[in-house]
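Some notes on the structure that comes next.
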Amino acid sequence: MAPKYRQVSLIVRYNVVLFPFDSIEFERGLATQGFILREPEEPIPLGTRREISGSVARKGNVSVHLDTPRKVVGVHALDVETALEEMDSLEALIKEEFGIDSSGMAEYYEFVAGVHIRAERSPIESWSNIFENLPVIKKASDIIGMDSTSFGIRLVPKGGVPNQVDWFDIRIEPLVQSATDYHSVQVVYRRTSRDEVFAFVRGFDDHLAALLSLVEQG
């Protein structure tokens with residue numbers, strides 16, 4: 001069940017009032033690492049802060065994003081290994097050029113991924129079997145007047161709320177376009193600790209395999 005990544009991003013949000021480094025100098029540093037920069041913007045008046053929100057540079061299938069109003073910097077890639085490597089390089093550049101230790105200034109790190117995975121067994125059949133005898137599903141079927149089941153599951157921290165810093169949201173369901181052949185997995189994993197986020201990302205493929213094994217054996 002090799003994953004096909006549709007989206008992978010890894011970002012850091014800084015716990016500061018203003019964006020902590022000069023975006024133009026940062027882009028120049030990216031150029032020395034082989035990134036192709038976006039088209040230059042018009043000059044701004046002296047003493048004015050340039051606000052940026054979006055992609056500022058690209059190298060192959062990797063793009064670097066800045067969101068200066070939100071104090072966010074990160075990478076978008078097509079697999080987790082590349083995202084980890086490029087984020088490491090990005091933070092090393094920031095430390096070398098500006099003397100900023102990102103982990104020490106972070107409000108949180110966040111990993112987002114969207115994955116399609118070919119199923120060993122029909123996802124629709126798997127979810128139907130898992131929820132077949134669940135009382136709430138039977139009661140819901142009676143209310144609706146038609147046999148019902150769940151089209152997947154959404155896992156979040158017990159007792160947590162979505163707008164807290166330490167949060168995860170893992171959705172597993174059949175891929176709508178090919179519901180008998182593919183699983184769709186959407187993940188958001190956010191923590192204050194860089195080490196915790198990077199450890200989760202390094203083990204992400206193993207986490208996926210274990211979760212989907214539970215689904216298909218249910």
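None of the values given here were measured: they were computed from a predicted structure. In what follows, every heavy atom counts, from backbone to side chain, and hydrogens, waters and symmetry copies are set aside.
With hydrogens and angles ignored, the 3.5 Å screen pairs a side-chain donor or acceptor of Thr68 with a backbone N or O of Ile52. Checked by atom type and distance alone, the side chain of Ser148 never pairs as donor or acceptor with a backbone atom of Ile144 at under 3.5 Å. Although no hydrogens or angles enter the test, the distance criterion places a donor-acceptor pair under 3.5 Å between the side chain of Asp166 and the main chain of Thr192.
By the 6.0 Å contact criterion, NZ on Lys139 is open, its count of non-hydrogen atoms from other residues, nucleotides or ligands being 12 or less.
Remark: Phe131 CZ to Ser150 OG distance equals 4.0 Å, nearest 0.5 Å. The structure places CG of Leu84 at 6.0 Å from CG of Leu10, a figure rounded to the nearest 0.5 Å.
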Exercise for review: Check the pair Ser193 / Asp195 against side-chain hydrogen bond (donor to acceptor under 3.5 Å, both in side chains), numbers first and verdict last.
Suggested key: CA-CA 5 Å; Ser193 167; Asp195 290 344; 5.1 Å; no
Check your understanding: For Phe111 and Tyr189, what are the C-alpha separation, side-chain angles and deciding distance, and is it a ring-ring contact (aromatic ring centres under 6.0 Å, His included)?
Key -> CA-CA 5 Å; Phe111 168 67; Tyr189 188 87; 7.7 Å; no
Check your understanding: Which is it for Lys4 and Tyr182 under the side chain to side chain contact (heavy atoms under 4.5 Å, CB included) test, yes or no, and what are the steps along the way?
Key -> CA-CA 10 Å; Lys4 296 181 179 180; Tyr182 282 88; 3.4 Å; yes
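Between the side chains of Glu86 and Thr82, not a single donor N or O lies within less than 3.5 Å of an accepting N or O.
Within the structure, side-chain hydrogen bond (donor to acceptor under 3.5 Å, both in side chains) pairs that include any residue of residues 8-33 comprise Arg13-Glu107, Tyr14-Ser102, Glu25-Arg28, Glu27-Arg38 (at least two apart or interchain).
Taking the six-membered ring for Trp, His183 and His116 have ring centres at least 6.0 Å apart. In this structure, Phe21 has its ring center under 6.0 Å from that of Phe19.
Counting only heavy atoms from C-beta outward, the side chains of Phe26 and Leu66 approach each other to under 4.5 Å.
A cation-pi arrangement is not found for Arg202 relative to Phe198, the charged atom failing to lie both closer than 6.0 Å to the ring centre and inside a 45° cone about the ring normal.
Considering every non-hydrogen atom in both Met87 and Val73, the closest pair reads CE-O, 3.8 Å. Considering every non-hydrogen atom in both Ser122 and Ala179, the closest pair reads OG-O, 4.4 Å.
Remark: of the listed residues Ile172, Val201, Ile170, Ile170 is the sole one forming a side-chain contact (heavy atoms from CB on, under 4.5 Å) with Val187.
Using a cut-off of 4.0 Å between Lys/Arg side-chain N and Asp/Glu carboxylate O, Glu125 and Arg121 are scored as salt-bridged.
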